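Here the structure is a predicted model, which is why all the values come from computation and not from measurement. Order of the sequence lines fixes the chain letters, A, B, ..., with proteins taken first and strands second; residue numbering starts at 1 for each chain.
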Amino acid sequence: MLSLDFIRKNPDAVRRAAQLKGEPAPIDDILRLDGVWRGHLHKAETVKAEQNELSKEFARTRDESLKERLRQMADTAKSELAVADAVKKELDDLLLRVPNIFHESVPVGETEADNVVIREWGSKPDLGLAARTHYDLGEALGIMDFERAARVAGSRFAFLVGDGARLERALVQFMLDVHTREHGYVELWTPMLVNSAAMTGTANLPKFADQLFKVEDRDLWLIPTAEVPVTNLHREEILDAERLPLKYVSYAPSWRTEAGAAGKDTRGFIRMHQFSKVELVKVTTAETSLDEFEKLTHDAEDILQRLGLHYQVLAMCTGDMGFAQYKKYDLMAWAPGVDRYLEVSSCSTFNDFQAMRANIRYRPGRGVSPKFAHTINGSGLALPRTLDAIIETYQRADGMVTVPDVLKPYMGGVELIGAR
RNA sequence: GGGGAGGUGGCUGAGUGGCCGAAAGCACCCGCCUGCUAAGCGGGUAGGGGGUGUAAAGCUCCCUCGAGGGUUCGAAUCCCUCCCUUCCCGCCA
């Protein structure tokens, strides 16, 4: 969230940012309630201060004639505070609905058409054949099963079978190994159900409840990404500045309702209610966050390069970057079968927006007040679409799929999927 | 699921109605002292919010001893509910 203080001092900047993001922002209501809140709070505190003074006198003198006034003061302070608290609660609810501002380098635009390709690696491969889709190949090879998954769980679910399941597991292992051994991330295994406070910390709540699966009769939600438990790992903490940046990597299944995505990507292993993802998260300082964000993006790109997949890096424009993000890049891997780029990673930096919600702070130095940390995250990578890009890129004329070299050590001797 | 114990500052831990936002110790910071190190001596060190201040500093007030409510002029301390930790029993992958 943005601090009340920041909104007081920069209402127009916040309004402008919200408008360019295409998000509503109740700034006028916030400023009005802020005045009301402070009025009642001031009154309550003034009376309370008088009451505290007089109460001390009572303790000394035991003068019973003071009691009636003390009682009245207590009543007044209590009722004023109750009003102030109620207004503050309303105010806090509104604050949670104000979108983040964005960095000056973010391109201004309205839709995904306004996103900017900032770099590209490799080029579209010449397969020398009519490229087939991953779902066509996957079903023919018996490594993907959508029909039975639909019977078991419904649409947007899949079974991976045999070498398909193995390939997915190999990818997870490979990514975790690279990030932990070479990029310096600490691996985490996390809760995959989290409470509302955690969801609010990462800004999945209150705005995006309809995109989450909720456990009945409990304050628990299925995580839409490991970002949620990992970012919240240090909630309510004051971290040592010397320990920053903290770098975490976590593999977790991720669940999303995909509300509002009706009709989009209904074919294939692309937009699923449940999918695997290896997530990178950093917690750092204001001074280093932009730099760490760039590095994290490169860490994710490194996976694509090692897999030999052609990709583009998109700088998301204001209208397409989302409510909480301060700056965002999407990694788009080329999938020749479906003949388009698939989003395999989304890397974002949040400024102190999430840290303020989750109350993650650090102490810049001895005797210095704590400051809110900056949080960063990115997929490194999301599995299904990476798997798709691999299958479609490494397909052969005979319908079999070559295992990329870097995955071979993880495939138990399988170098060609489909060879029996 | 049943029963016991417990949640206090960066950490350990005292405090059972006002003298307590909180003893003592540890850790850390500043200074003194010792030829170095260790020891010793003195001082300092929780968070949030309101007001004032251009801002920082400062000054001032309010709140916070797991969370929320209650009793009281006054609550870390008494009462209720919830959450969490831990131990014993039961069940169990």
Note to self: Are the side chains of K408(A) and M411(A) in contact, using a 4.5 Å heavy-atom criterion?
What the structure shows: no

Checklist line | Heavy-atom side-chain contact between M144(A) and L160(A) under 4.5 Å | finding: yes

Would you please indicate if the ring centroids of [X] and [Y] are separated by under 6.0 Å?
X	Y	value
F269(A)	F157(A)	no
H273(A)	F213(A)	yes
H298(A)	Y329(A)	no

Checklist line | Under the salt bridge (Lys or Arg N to Asp or Glu O under 4.0 Å) test, residues paired with E242(A) that sit two or more places apart | finding: none

Whole angstroms only, please: what is the [atom1]-[atom2] distance between [X] and [N]?
X	N	atom1	atom2	answer
E80(A)	C62(B)	CD	P	16 Å
E236(A)	C83(B)	CD	P	18 Å
Y362(A)	G47(B)	OH	P	15 Å
L95(A)	G48(B)	CG	C1'	15 Å
L81(A)	G68(B)	CG	P	12 Å
L70(A)	G17(B)	CG	P	21 Å
K88(A)	C62(B)	NZ	P	19 Å
D5(A)	G48(B)	CG	C1'	13 Å

[N] to [M] separation - [atom1] atoms, rounded to the nearest Å:
N	M	atom1	value
G15(B)	G68(B)	P	25 Å
C61(B)	A22(B)	P	14 Å
C79(B)	G17(B)	C1'	14 Å
U81(B)	G44(B)	P	44 Å
U52(B)	C30(B)	C1'	30 Å
G3(B)	C82(B)	P	12 Å
U16(B)	C78(B)	C1'	9 Å
U72(B)	G48(B)	P	34 Å

For [X], which contact category applies under a 4.0 Å heavy-atom criterion: base, sugar-phosphate, or nothing?
X	result
D240(A)	nothing
Q51(A)	sugar-phosphate
K67(A)	base
K78(A)	sugar-phosphate

Next item on the list: Could you verify whether a donor N or O on one side chain and an acceptor N or O on the other, from N115(A) and D320(A), lie under 3.5 Å apart?
Entry: yes

Next item on the list: Go through the side-chain N and O atoms of Y410(A) and D177(A) and say whether any donor and acceptor fall under 3.5 Å apart.
Entry: yes

Item checked: side chain to side chain contact (heavy atoms under 4.5 Å, CB included) partner of R357(A), the single match among T202(A), T375(A), L96(A) -> L96(A)

Check: Are R363(A) and D240(A) ion-paired here, with the side-chain N under 4.0 Å from a carboxylate O?
Finding: no

Note to self: Can you tell me how far apart CZ (R97(A)) and CD1 (I30(A)) are? Round to the nearest 0.5 Å.
What the structure shows: 11.0 Å

Sort me out a list of protein N/O and nucleotides 50-54 of chain B N/O pairs below 3.5 Å, or just none if empty.
from	atom 1	to	atom 2	distance (Å)
G50(B)	OP1	R8(A)	NH1	3.3
G50(B)	OP1	R8(A)	NH2	3.2
G51(B)	OP1	R38(A)	NH1	2.7

Next item on the list: Indicate whether OP1 or OP2 belonging to C62(B) is found under 4.0 Å from a side-chain N or O atom of N52(A).
Entry: yes

Next item on the list: Find which nucleotide of RNA chain B each of A44(A) and P370(A) is nearest to by heavy atoms, and output the residue with the more 5' nucleotide.
Entry: P370(A)

Check: Taking the nucleotide of RNA chain B with the closest heavy atom to each, which residue, K56(A) or K9(A), is nearer the 5' end?
Finding: K56(A)

Check: Dot-bracket for RNA chain B, 5' to 3', counting Watson-Crick or G-U wobble pairs under 3.5 Å, with [ ] for crossing pairs and | for inter-strand pairs?
Finding: ((((((((.[[[..)..(.....]]]((((((.......))))))(((((((.....))))))).[[[[[..)....]]]]])))))))....

Note to self: Quiz question: going by heavy-atom distance under 3.5 Å, is there a donor-acceptor pair between the base of G48(B) and the side chain of R361(A)?
What the structure shows: no

Item checked: Shortest side-chain distance from R363(A), nucleotide among C73(B), C62(B), G47(B) -> G47(B)

